[in-house]
K.L.:
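Take this structure first; my questions come after.
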Amino acid sequence: MIETLLISVLIIAIAMIFFLVRVLFVKQGEFKSQHIHDSEAMKERGIHCVMDQDREMRTKNRYAVNEK
């Protein structure tokens, strides 16, 4: 039990060190955006985030239910 906990803490500590190295030592070290609308690969595939899809649907349909 304790061995598993120590290994887990060690893995997390190593990951945090890698994050720290990226932020401190890489020129303009910052984390890339993880949002779908900022990804070039997703844009090429035509995939949008849910908020963009919702906004698009609201501008097309003013009402939730189509009136006849």
Side-chain angles (χ1 to χ4, degrees):
M1 174 84 176
I2 297 229
E3 294 171 354
T4 305
L5 180 65
L6 289 174
I7 291 172
S8 300
V9 169
L10 181 64
I11 291 172
I12 292 171
I14 291 171
M16 296 304 288
I17 289 170
F18 284 136
F19 287 137
L20 180 67
V21 166
R22 177 168 175 90
V23 170
L24 292 180
F25 298 115
V26 174
K27 185 177 181 180
Q28 294 180 356
E30 60 185 29
F31 297 109
K32 295 180 181 178
S33 175
Q34 299 297 316
H35 294 279
I36 291 175
H37 66 267
D38 292 334
S39 172
E40 290 298 323
M42 294 295 179
K43 286 180 185 177
E44 290 172 1
R45 293 182 179 117
I47 299 173
H48 306 283
C49 74
V50 173
M51 292 172 48
D52 290 341
Q53 290 176 347
D54 184 53
R55 187 179 311 113
E56 182 180 319
M57 291 303 291
R58 287 179 190 267
T59 57
K60 285 182 181 178
N61 264 340
R62 186 170 170 200
Y63 303 102
V65 178
N66 289 332
E67 297 178 2
K68 292 185 179 183

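This one's a predicted model, so the numbers in the text were calculated from it and none came from an experiment.
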K.L.:
Can you hop from Ile12 to Phe19 via hydrophobic side chains spaced under 4.5 Å?
P.N.:
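Same cluster: Ile12 reaches Phe19 through Ile, Leu, Val, Met, Phe, Trp or Tyr contacts under 4.5 Å.
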K.L.:
Do Ile14 and Leu6 sit in the same hydrophobic cluster, where Ile, Leu, Val, Met, Phe, Trp and Tyr count as joined when their side-chain heavy atoms come under 4.5 Å apart?
P.N.:
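No: no chain of side-chain contacts under 4.5 Å links Ile14 to Leu6.
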K.L.:
Would a hydrophobic clustering, with Ile, Leu, Val, Met, Phe, Trp and Tyr connected at side-chain separations under 4.5 Å, put Phe18 with Leu20?
P.N.:
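Phe18 does not cluster with Leu20.
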K.L.:
Hey, what do you get for OG1 (Thr59) to CG (Asp54), rounding to the nearest 0.5 Å?
P.N.:
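Interatomic distance, Thr59 OG1 to Asp54 CG, rounded to 0.5 Å: 9.5 Å.
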